[in-house]
Amino acid sequence: MNPVKPGETRRTPWIVGVSGASGTPYAASVLRALLAAGESVDLVVSRASRLTLLDETGISFRDAHWQDDLREWLERGADGKPGTFEVDIDGVRHWSAGDLAAGPSSGSYPVKGMLIVPASTACVAGVALGLSKDLLQRAASVTLKERRPLVVAVRETPLNGQTLRHLVSLDEAGASVVPASPAFYAGATHIQDLVDFVAGRVLDAAGVEHGLYRRWQGEIGGGSRPPA
Ligand SMILES: Cc1cc2nc3c(=O)[nH]c(=O)nc-3n(C[C@H](O)[C@H](O)[C@H](O)COP(=O)(O)O)c2cc1C
């Protein structure tokens, strides 16, 4: 039976997986931009990422109150200031990281692809090895097996050989590896600009339209001019 009636459109979200690497502002920027672009989102927040979120924002992310906690998180600027952004989170569906029966754990669940932002080295290893230790890793493995776009915004420094090998496996499996490394040619003047540059490159890899950073125009000197 087709649950989509004639004239209705099927909700086809991007899965956003937030793992326990430093960089929760990157995830917030990606989520805001996806919602602003009219995309829907299935959100998976790993257990470990709740520690980084708590450390970086002071917010305790609770499955039972995810809407309140997500709204508070997305309204924050990268400098931690509350109420910096206005967000409408109606397009978000949240799945608990321990819920291995959730929609995104099956390839038959319709999604556009998955963005892991930020990606910890543990998450990189788990996806490269197909461990599926939680819903985030399972959804990423499913994304690869279904040949859908998978973007992995790894955040760690320095990288050891083991992680580098895992990243090569992910690249060979079809994922886009997008290191969370901001560039300085786009005229950043605030932390938010650097965060938005990384988030924008993640969305570029997924082919999602956004206006998060000023693109290179082939002109030396642009990096010393602040964004319009
Ligand atoms: C405050 C804090 C910051 C962390 N930063 C990083 C990081 O930048 N990169 C990384 O790979 N792991 C980092 N970790 C370690 C991961 O959270 C840890 O490896 C965890 O097992 C990742 O699990 P997950 O991939 O299931 O989220 C950090 C941990 C904490 C508590």
Side-chain angles (χ1 to χ4, degrees), residues 13-46 49-59 61 66-94 112-120 123 136 149-157 176-216 223 226-228:
W14 286 96
I15 305 169
V16 174
V18 184
S19 76
S22 177
T24 53
Y26 296 131
S29 179
V30 163
L31 286 164
R32 281 191 300 264
L34 283 170
L35 295 171
E39 300 285 348
S40 52
V41 171
D42 274 28
L43 177 66
V44 184
V45 177
S46 82
S49 73
R50 291 151 203 249
L51 294 178
T52 47
L53 186 67
L54 181 63
D55 183 57
E56 293 174 352
T57 66
I59 296 167
F61 193 92
W66 69 269
Q67 280 151 313
D68 293 339
D69 298 338
L70 179 65
R71 204 173 288 111
E72 190 184 347
W73 177 20
L74 299 193
E75 285 174 359
R76 292 277 172 101
D79 58 3
K81 202 166 146 215
T84 303
F85 297 100
E86 266 184 42
V87 254
D88 176 355
I89 62 164
D90 281 357
V92 182
R93 181 171 191 178
H94 168 262
K112 290 185 176 167
M114 179 168 183
L115 316 175
I116 308 180
V117 54
S120 71
C123 172
L136 195 160
L150 174 66
V151 183
V152 179
V154 60
R155 213 295 338 159
E156 186 52 279
T157 195
S176 297
V177 175
V178 180
S181 58
F184 293 82
Y185 61 73
T189 54
H190 295 90
I191 301 175
Q192 189 67 56
D193 300 327
L194 296 173
V195 166
D196 286 348
F197 178 85
V198 170
R201 297 301 285 145
V202 167
L203 293 170
D204 288 344
V208 176
E209 294 277 334
H210 66 84
L212 285 173
Y213 69 89
R214 186 172 68 197
R215 293 176 187 278
W216 178 249

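Nothing fancy with the numbering, it's 1 onward along the sequence. As the structure is a prediction and not an experimental result, all values here were calculated from the model.
Checking each of Val154, Val151, Leu150, Val178 against Ile116 for a side chain to side chain contact (heavy atoms under 4.5 Å, CB included) leaves exactly one that passes, namely Leu150. Checked options Val152, Asp42, Ile15, Val44; the residue passing with Met114 is Ile15 (criterion: side chain to side chain contact (heavy atoms under 4.5 Å, CB included)). Put simply, the residue from Asp196, Val18, Val195 that forms a side chain to side chain contact (heavy atoms under 4.5 Å, CB included) with Tyr26 is Val195. Exactly one residue among Arg155, Glu56, Glu156 makes a side-chain hydrogen bond (donor to acceptor under 3.5 Å, both in side chains) with Ser22. That residue is Glu56.
Contact of the Ile89 side chain with the Gln67 side chain is registered, since non-hydrogen atoms from C-beta on lie closer than 4.5 Å. The closest side-chain heavy-atom distance from Val41 to Pro13 is not below 4.5 Å.
Shortest non-hydrogen contact noted between Thr84 and Gly77 is OG1-N, 3.4 Å. Between Pro118 and Ala21, the shortest heavy-atom contact is CG-O, 3.3 Å. Residues Leu212 and Ala33 share a closest heavy-atom pair of CD1-CB, 3.8 Å. For Ala153 against Val202, the heavy-atom pair with the smallest separation is CB-CG2, 3.9 Å. Heavy atoms only, all atoms of each residue included: Ser181 and Phe197 are closest at O-CE2, 4.3 Å. Of all the heavy atoms in Ala28 and Trp73, the pair that sits closest is CB-NE1, 3.7 Å.
Between Trp66 and His94, the ring-plane angle classifies as parallel under the 30° and 60° cut-offs.
To the nearest 0.5 Å, the span separating NZ on Lys81 from CZ on Arg76 amounts to 12.0 Å. Ile59 CD1 to Glu72 CD: the interatomic distance, rounded to the nearest 0.5 Å, is 4.0 Å. Atoms CG and CG, from Asp69 and Leu54 in turn, are 11.0 Å apart once rounded to the nearest 0.5 Å. The CG atom of Leu74 sits 5.5 Å away from atom CG of Leu31, with the distance rounded to the nearest 0.5 Å. Phe184 contributes atom CZ, which lies 5.0 Å from atom CG of Leu194 (distance to the nearest 0.5 angstrom). The OH atom of Tyr185 lies 11.0 Å from the CZ atom of Arg214; values are rounded to the nearest 0.5 Å.
Judged by distance alone, with hydrogens and angles left aside, the side-chain atoms of Ser19 form a donor-acceptor pair with the main-chain N or O of Ser120 at under 3.5 Å. Under the 3.5 Å distance criterion, the side-chain polar atoms of Ser49 are left unmatched by any main-chain donor or acceptor of Val45.
For the pair Arg32 and Phe85, the cation-pi test (distance below 6.0 Å, angle within 45°) is passed.
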Could you check Leu115 against Leu34 for side chain to side chain contact (heavy atoms under 4.5 Å, CB included), going step by step and ending with a plain yes or no? CA-CA 11 Å; Leu115 316 175; Leu34 283 170; 3.9 Å; yes
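Under a 4.0 Å N-O distance rule, the pair Asp204/Arg215 qualifies as a salt bridge.
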